> 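What follows is a structure written as structure tokens; I'll ask about it next.
A, B, ... follow the sequence lines: proteins, then strands. Residue 1 opens every chain. Being a predicted model, the structure only gives us computed values, none of them experimental.
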Amino acid sequence: VSWQSSATAPPSDRPGERRGAEMKKLYGKDAAKILAMEAAMQLNFDRKCDLKQPKYWPVIPLKL
Amino acid sequence: MQCDWPLLGPLQWMRYVNKQVKVKAGKDEERRGWLLTVDPVSASLVLVDFGEEEEGGRRASVQVVMGHAVEQVEVLQEADEETTVRLQASFLPPETHSLDP
Amino acid sequence: SIPTSAACDADPELLPTEQHARSVLRESFLRCLLSMANKKIQFHMYERVKVEATFRASDIDVLNFQVSDLHTPIGVQKEALIRCQDVISFTFDA
């Protein structure tokens, strides 16, 4: 695949739980709502990239 | 704005929301608009400009300035109540009960 | 990835206020991204590059935009990914 995965979180024993805890710290009582919105959007992005196999433009980044 | 825009944080960004702002970004690029929101992940600003009223409704143009490119943000004026309501309704779904069709 | 602000390190009582502010800002931004689907977007990029494309999707970290019918200076690319780091700003009609 040519696109970059969004997995920027550092590795941990239980990535799902870690992400949940981090979201809770950032968004407090609204964490579940934001997490749900983000999950749907990321899934949509991943599916479109799988389906269309888009290539980066420009090939070389303009800004390094 | 004294320090790096992406480092300000939600409480500071909130002070610019619902204000008309002037944003300098990239090399000598300047934009104006009503600040709808600042993405807390990328620090990107969403600016809305309401066009003239036209037949068949009002149009709005939206500019999003990436947080990493922001050099300066300046408040020009505060929104009145009507503008605030209109601004904050910009991307709300027409029906409030669900996100997905 | 996102640090809590220095304000909250200094005063823990501000934390719920900051969390609420972050949620409101984030939700509003995500709704803006959602509204862009299938719209024509003009991208202003570094090196004075300006291109137009139909927006499809963004990853949630705002690193990449997936677009269709990207009008590059040398022709149309049917499907493309734009690096958000290359972008200064973009505009569209709501």
> For the side chain of C/E79 and the backbone of A/K52, is there at least one donor-acceptor N/O pair under 3.5 Å apart?
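Answer holds: no.
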
> Less than 4.5 Å apart, any side-chain heavy atom of A/W57 and any of C/V67?
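Answer no - side chains too far apart.
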
> Do the side chains of A/M41 and C/L30 get nearer than 4.5 Å, heavy atoms only?
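Yes, close enough: below the 4.5 Å cut-off.
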
> Can you measure from CG (C/D59) to SG (A/C49) and round to the nearest 0.5 angstrom?
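Nearest 0.5 Å value for the CG-SG distance: 8.0 Å.
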
> State whether the side chain of C/Q19 and the backbone N or O of A/D30 hold a donor-acceptor pair below 3.5 Å, judged by distance alone.
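Such a contact is absent between C/Q19 side chain and A/D30 backbone.
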
> Any chance you could lay out the side chain to side chain contact (heavy atoms under 4.5 Å, CB included) test for C/R31 and A/M37, step after step, and finish with the verdict?
CA-CA 9 Å; C/R31 287 192 189 283; A/M37 284 182 86; 4.1 Å; yes

> Just verifying a value: how many Å separate C/Q77 CD and A/K55 NZ, rounded to the nearest 0.5 Å?
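So the gap between those two atoms works out to 8.5 Å.
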
> Please identify, among C/E27, C/K78, C/H20, the residue contributing the most non-hydrogen atom pairs under 4.5 Å to chain A.
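Highest number of heavy-atom pairs under 4.5 Å: C/E27.
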
> Using the ring of A/Y27 (Phe, Tyr or Trp, six-membered ring only), decide whether C/R26 places NZ or CZ under 6.0 Å from its centre and within 45 degrees of its axis.
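No cation-pi geometry.
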
> Quick one: list whatever passes side chain to side chain contact (heavy atoms under 4.5 Å, CB included) with A/N44, sequence neighbours left out.
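Checked A/N44 against side chain to side chain contact (heavy atoms under 4.5 Å, CB included); matches are A/K48, C/A57.
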
> Walk me through whether A/Y56 and C/I82 qualify under side chain to side chain contact (heavy atoms under 4.5 Å, CB included).
CA-CA 6 Å; A/Y56 272 115; C/I82 289 180; over 6 Å; no

> Given heavy-atom pairs under 4.5 angstrom as the criterion, report whether the side chain, backbone, both or neither of C/V51 touches chain A.
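Only the side chain of C/V51 comes within 4.5 Å of chain A.
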
> Are side-chain heavy atoms of C/M45 and A/P58 found at a separation under 4.5 Å?
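Of all side-chain heavy-atom pairs linking A/P58 with C/M45, at least one is under 4.5 Å.
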
> Once rounded to the nearest 0.5 Å, what's the spacing between atom CD of A/Q42 and atom OG of C/S58?
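Nearest 0.5 Å value for the CD-OG distance: 8.0 Å.
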
> Hey, what do you get for CG (A/L62) to CD (C/E47), rounding to the nearest 0.5 Å?
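One gets 6.0 Å once the value is rounded to the nearest 0.5 Å.
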
> Output the distance between atom CZ (A/F45) and atom CD1 (C/I60), rounded to the nearest 0.5 Å.
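One finds 10.5 Å between CZ of A/F45 and CD1 of C/I60.
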
> Pick one of side chain, backbone, both or neither for C/Q66, based on which atoms fall under 4.5 Å of a heavy atom in chain A.
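Its backbone and side chain both get close to chain A.
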
> Between C/S23 and chain A, with a heavy-atom cut-off of 4.5 Å, which part of the residue counts as in contact: side chain, backbone, both or neither?
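Both backbone and side chain.
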
